[in-house]
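Reminder, nothing fancy here: chain letters follow the sequence lines and each chain counts from 1. The structure displayed is predicted, hence computed values, not measured ones.
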There are 2 protein chains.
Amino acid sequence: MRITSSLEYGMRLMAAIAKADGDAPLSAEKLAREENIPLDYTNQILWKLKSAGVISSRRGSSGGYVLARPPHEITLNRIVIALDGSIFEDVCSKYADAPRECHHQSGCSLSPLWRRLGALLTEFFSSTTLEDLIRGEPATARVEFMPPGRPLPMR
Amino acid sequence: MRITSSLEYGMRLMAAIAKADGDAPLSAEKLAREENIPLDYTNQILWKLKSAGVISSRRGSSGGYVLARPPHEITLNRIVIALDGSIFEDVCSKYADAPRECHHQSGCSLSPLWRRLGALLTEFFSSTTLEDLIRGEPATARVEFMPPGRPLPMR
DNA sequence: ATGATACCTGAGTATTTTAGTCAAGTTTTC
DNA sequence: GAAAACTTGACTAAAATACTCAGGTATCAT
């Protein structure tokens, strides 16, 4: 699994805009330069973020982008969905031959696995806000992942 | 984020082989047919799984594939790494201009985020065994994800 | 023995997704 | 009214993914 460059860039842009929250709008040109992202690509990404409602813009000279809400009200899942379309693609429906029916074979051992993974990722991103991000808090938040009580072999 | 077809198929194949654990080896041809995966692609995936040491093979007629160890000793992270190369690609190093140095901008708010996500995914896959998978247990294992104590806005 | 079965291995191709570019606008401010 | 800066869509290049192909080798059944 990997992070797309759109998402990496978009997160950086959001972090930069969040850090300047309250100050004058940040122009795309300045953001692109400071984050070392191609300008046209930056524009494209900013447009997606704007469409998703997480930032707003001001045109004209001295225009630029600002947060649409305070940082603690913007959860990262919004950003992920804005840029990647979803947090976790539905595997089950992708391999279904008929709509609304799971065609995973092997008695469909897999769909519970993928559903749980999707839930985990969704939880991860929607539990973290932009404010957490710029404070570096995500590193300290603990995850308790509970498998059945048993030693974990063959790591 | 998405699951590659290799991984989806590989997991299915492992589940099918695990369900036949103790029985006669399953041939690639039979596996491919039952799981509805192209034969040549199946061979390729089985080869990767064998290289990773999670299955072993027997040649000749009445040959095929069997688990290399009992199902409860095979954790899913092995399978993921065998097929995708890693569980989570290191974002930080990907955008580093110089080796061993993190070039994330914005005071590098991002690397803690991605590191935590990587840890979460690694934990997820290495905490589940093939036995859990074929029993459907992954669906019941609980995840406790602990963000800072605060209501979760803007979901 | 020998032929059929089935694994082994690497190379090659096609499709899709991602990443990034280009160009011609519109709006706002100074 | 000119410059700054956002808006929008289309287009292209590169990379990853998803297969396919071909020729080989080992083993088993008879």
Of the listed nucleotides [options], the one nearest the side chain of [X]:
{"X": "Gln44(B)", "options": "dA11(C), dC7(C), dA18(D)", "value": "dA11(C)"}
{"X": "Tyr41(A)", "options": "dT20(D), dG20(C), dC7(C)", "value": "dG20(C)"}
{"X": "Asp40(A)", "options": "dA18(D), dC22(C), dA19(C)", "value": "dC22(C)"}
{"X": "Thr4(A)", "options": "dA18(D), dA19(C), dC6(D)", "value": "dA19(C)"}

With a 4.0 Å limit, can you tell me whether [X] has a side-chain N or O closer than that to the phosphate oxygens OP1/OP2 of [N]?
{"X": "Ser62(B)", "N": "dA29(D)", "value": "yes"}
{"X": "Ser5(A)", "N": "dA19(C)", "value": "yes"}
{"X": "Trp47(B)", "N": "dT9(C)", "value": "yes"}
{"X": "Ser57(B)", "N": "dC8(C)", "value": "yes"}
{"X": "Tyr9(B)", "N": "dC19(D)", "value": "yes"}
{"X": "Lys50(B)", "N": "dC8(C)", "value": "yes"}

Checklist entry - In terms of the angle between their ring planes, are Trp114(A) and Phe88(A) parallel, tilted or perpendicular, with boundaries placed at 30° and 60°? => result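 Judged by the thresholds at 30° and 60°, the geometry between Trp114(A) and Phe88(A) is tilted.
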What integer distance in Å separates [X]:[atom1] from [N]:[atom2]?
{"X": "Arg58(A)", "N": "dT27(C)", "atom1": "CZ", "atom2": "P", "value": "17 Å"}
{"X": "Leu83(B)", "N": "dA16(D)", "atom1": "CG", "atom2": "P", "value": "17 Å"}
{"X": "Lys48(A)", "N": "dG20(C)", "atom1": "NZ", "atom2": "P", "value": "12 Å"}
{"X": "Asn43(A)", "N": "dG25(C)", "atom1": "CG", "atom2": "P", "value": "17 Å"}
{"X": "Leu46(B)", "N": "dT9(C)", "atom1": "CG", "atom2": "C1'", "value": "14 Å"}
{"X": "Arg59(A)", "N": "dT8(D)", "atom1": "CZ", "atom2": "C1'", "value": "10 Å"}
{"X": "Glu89(B)", "N": "dT17(D)", "atom1": "CD", "atom2": "C1'", "value": "14 Å"}
{"X": "Arg2(B)", "N": "dT17(D)", "atom1": "CZ", "atom2": "P", "value": "7 Å"}

Checklist entry - For Gly64(B) and Leu39(A), take the nucleotide of DNA chain C holding the closest heavy atom to each; which residue's nucleotide lies nearer the 5' end? => result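 The residue closer to the strand's 5' end, by nearest nucleotide, is Gly64(B).
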Checklist entry - Roughly how far, to the nearest 0.5 Å, is CG of Leu113(B) from CG of Asp132(A)? => result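 Going from the CG atom of Asp132(A) to the CG atom of Leu113(B) covers 10.0 Å.
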Item to check | Euclidean distance, Ser126(B) OG relative to Ile87(B) CD1, rounded to 0.5 Å | outcome: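 If I round to the nearest 0.5 Å, the distance is 6.0 Å.
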Checklist entry - Taking atom types as modelled, is there a side-chain donor on Thr4(B) or Asp84(B) under 3.5 Å from an acceptor on the other? => result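 Looking only at side-chain atoms, Asp84(B) and Thr4(B) do form a donor-acceptor pair, the distance falling under 3.5 Å.
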Item to check | Steps toward side chain to side chain contact (heavy atoms under 4.5 Å, CB included) verdict (Tyr41(A), Gln44(A)) | outcome: CA-CA 5 Å; Tyr41(A) 201 22; Gln44(A) 194 179 106; 3.8 Å; yes
